[in-house]
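In what follows, a single structure is set out as C-alpha cells and then discussed.
Sequence lines set the chain letters: A, B, ... in the order given, protein chains first and strands last, and positions in each chain run from 1.
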Number of protein chains: 2
Amino acid sequence: MSDCASCAVRNRAICSGLDPDELAELGQMGRRQQIKAGHTLLWEGDDVPLVANVLRGVLKLVVASSAGREQIVGVVFPSDFIGRPFGEESPYSVTAITDAEVCIYNRNSFDAFASTHPHLQQKLLHRTLDELDRARYWMMLLGRKSASERVASFLLDISDRLSAQGGEADAEAFELPFGRQQIADILGLTIETTCRQLTRMRSDGLLDLPSRRTVVIHDRRAMERMAG
Amino acid sequence: MSDCASCAVRNRAICSGLDPDELAELGQMGRRQQIKAGHTLLWEGDDVPLVANVLRGVLKLVVASSAGREQIVGVVFPSDFIGRPFGEESPYSVTAITDAEVCIYNRNSFDAFASTHPHLQQKLLHRTLDELDRARYWMMLLGRKSASERVASFLLDISDRLSAQGGEADAEAFELPFGRQQIADILGLTIETTCRQLTRMRSDGLLDLPSRRTVVIHDRRAMERMAG
DNA sequence: CGCTGCTTTGATTCGTATCAATAGCAGTGG
DNA sequence: CCACTGCTATTGATACGAATCAAAGCAGCG
C-alpha cells in the first residue's frame, strides 16, 4: 500500500477531496513504483490491467504507425493520471522520459472503486474532458500549423505547464524534460526541422538556448505571434 | 420538454439506462431543436451554456487557427453527445453538415443533474474516454501519415462508423455525409490533394466513386494496407 | 438553358523530409 | 586530466510530397 499522507501530489491528484476513510481504502489498493528514464510502463495494444498516478517525473504517451513512425499523443506530469480505466487494452504506450515514480492501481479494483465513488469519478471525468480539449487543440496544430508555428506553440505550452507545476520560478527560463527527437515526435516533425526552427528563433533573438535542454524566452509577444 | 419515449436514440444515447423517473426529470430539461445543414450551434470561444444529444444528422467540431485555416477535430452522429460539460467556453465550433436534430439541455442544469446521478456521469465518462482514444489516434494520423494513408484510414473509419450507425446494409458501399473540402479539413490536407488521392485509388481499382458522395470499396484488404 | 458552386485536373512552387557529414557534449577508462 | 567512444544535436545539399495557383469539367437548380 501507499502512504497517502506523505504523497507529494495528494492535493492535486484525483485522490484529492476524498474522505479520510475513502483515502485509506484507495491507499490500500495502490503501490508505489519507480521507473527509470526510458523504461516503458504500458505497451500499446497490450491488455495491461493497471492505472496510475504520477508522483514524480515526466512520461510520454506514444502511438506508433505500422511503418514505425512515432507520434507522442500526450505528456504527463506529477499529479496527472495514467491509463485507460474501463477499457481492455491500452491504445498507446506509456514511457518515462525522466526518472519517475508512480502510484499504481489494479485497473479492475480501481474501476470498481470509481464506480462506487461518484466524487472520484467526477474528478476523473473533469480530467478526461480537459485532456480531450488539449488533444483536439493539438489535432489542429498537427493538421494545420507550419513547422515554425508548431515549435513556437510548443515552447509556450511547455512553459505554461512547467510553471503550473510550480517548479520554475521564472516562466521565461526553463529546463525541457525532452530531447530534440521527442520534441519532433510531439510536433509531428523531424528532428532536423525542429532543430532548424530553434536555431532560427535564436538568431532572430526570440530566445536563447544556453544548453541542450535549457530555453530562455526573450520575446514572448513575438513568440505568441509566431505560434499563429 | 422532450418526449423521450419517442426518441430515436433513447437506447443508445447517454440517457439510456436511466430509471423512468430519472428519465422524466431529464426529459423535462431537454428541448428538441432542428438545425439546417451549414448552421452553427456553438461558436469556438463563446460561452454557450448548453450541451446536447444528437438525434438525427451529422455535425462537425471545428478548431480554426488564427490564420483562418480550419481543422475538423471531431464528427458526431446520432446518439453522440455534444458540448463541454463542466467548462466555461466551447473550445471548438459545432456546425451541422447535414440537416440535423438535437436534444438540448441547459449546461448548468445538466451539470447539476449529472453531478447527482452517478449513472449518467459514468456514461459520460465512458464516452469521453472513447473520444479521447479516437482523438489520440487521429493525432498520430495527422502528425505521421502521408496523404494516401490518411485518405485510406478515413474511408475505413467512416465505413465502420456508418455501419455501426446501422443505416447501411453493406459496409463496402456507403454515402459520405461530407463534401471534399470537409474531408480535407478532417485529414489536414487540401481539397486538391484529397481529390487526387481518391482519383488514384479509383484508377488503382481500390474503389469506385459512382457519384460525388458515394464510395464503393472494392478491395478492403488493399485499403487496409494502404492505411498503414 | 445558363447560372452557381463543387470537383477534378494540370503546372508550378514551396516547405519539410531525407540523406549525409560534422560538431559538441557526457560518460568511461587509461 | 585527457583521449576515446557513443550519443545527441546541428548544419548542409538535395529530393519529394503536398500546397498553391489556375483553369476546366460537371452536377444541381432556378
Exercise for review: Look at A:Asp80 together with A:Arg12 and state whether they make a salt bridge at an N to O cut-off of under 4.0 Å.
Suggested key: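 A salt bridge is absent here (no side-chain N lies under 4.0 Å from a carboxylate O).
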Starting at atom [atom1] of [X], determine the distance to atom [atom2] of [N], rounded to an integer number of angstrom.
{"X": "A:Arg144", "N": "C:dG15", "atom1": "CZ", "atom2": "P", "value": "17 Å"}
{"X": "B:Phe178", "N": "C:dC6", "atom1": "CZ", "atom2": "C1'", "value": "17 Å"}
{"X": "B:Gln71", "N": "D:dA19", "atom1": "CD", "atom2": "P", "value": "11 Å"}
{"X": "A:Arg213", "N": "D:dA9", "atom1": "CZ", "atom2": "P", "value": "7 Å"}
{"X": "B:Leu209", "N": "D:dC26", "atom1": "CG", "atom2": "C1'", "value": "15 Å"}
{"X": "B:Arg180", "N": "D:dA19", "atom1": "CZ", "atom2": "P", "value": "16 Å"}
{"X": "B:Gln181", "N": "C:dT4", "atom1": "CD", "atom2": "C1'", "value": "17 Å"}
{"X": "A:Lys145", "N": "D:dA19", "atom1": "NZ", "atom2": "P", "value": "18 Å"}

Review point. So, A:Gln71 and B:Arg136: side-chain donor and acceptor under 3.5 Å apart, yes or no?
Key: no
Point to revise | Between B:Arg31 and B:Gln33: side-chain donor-acceptor atoms closer than 3.5 Å | key: yes
Point to revise | Whether B:Arg180 side chain and B:Arg212 backbone form a donor-acceptor pair below 3.5 Å | key: yes
Check your understanding: Does some side-chain heavy atom of A:Leu124 sit less than 4.5 Å from a side-chain heavy atom of A:Phe110?
Key ->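 They are in side-chain contact.
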Practice item. Go through D:dA18, C:dT7, C:dT9 for me and flag the one nearest to the B:Arg212 side chain. Key: C:dT7
Check your understanding: What nucleotide among C:dT16, D:dT11, D:dA9 has an atom nearest to a side-chain atom of A:Arg202?
Key ->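 For the A:Arg202 side chain, the nearest candidate turns out to be D:dT11.
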**Study point:** Interface with DNA chain D, restricted to residues 186-200 of chain B and to heavy atoms under 4.0 Å
**Key:**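 The stretch gives B:Gly188, B:Leu189, B:Thr190, B:Glu192, B:Thr193, B:Arg196 as the residues lying under 4.0 Å from the strand, ordered by number.
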Exercise for review: Quickly, which of B:Val51, B:Ile82, B:Leu41 forms a side-chain contact (heavy atoms from CB on, under 4.5 Å) with B:Ile104? Name it, please.
Suggested key: B:Leu41
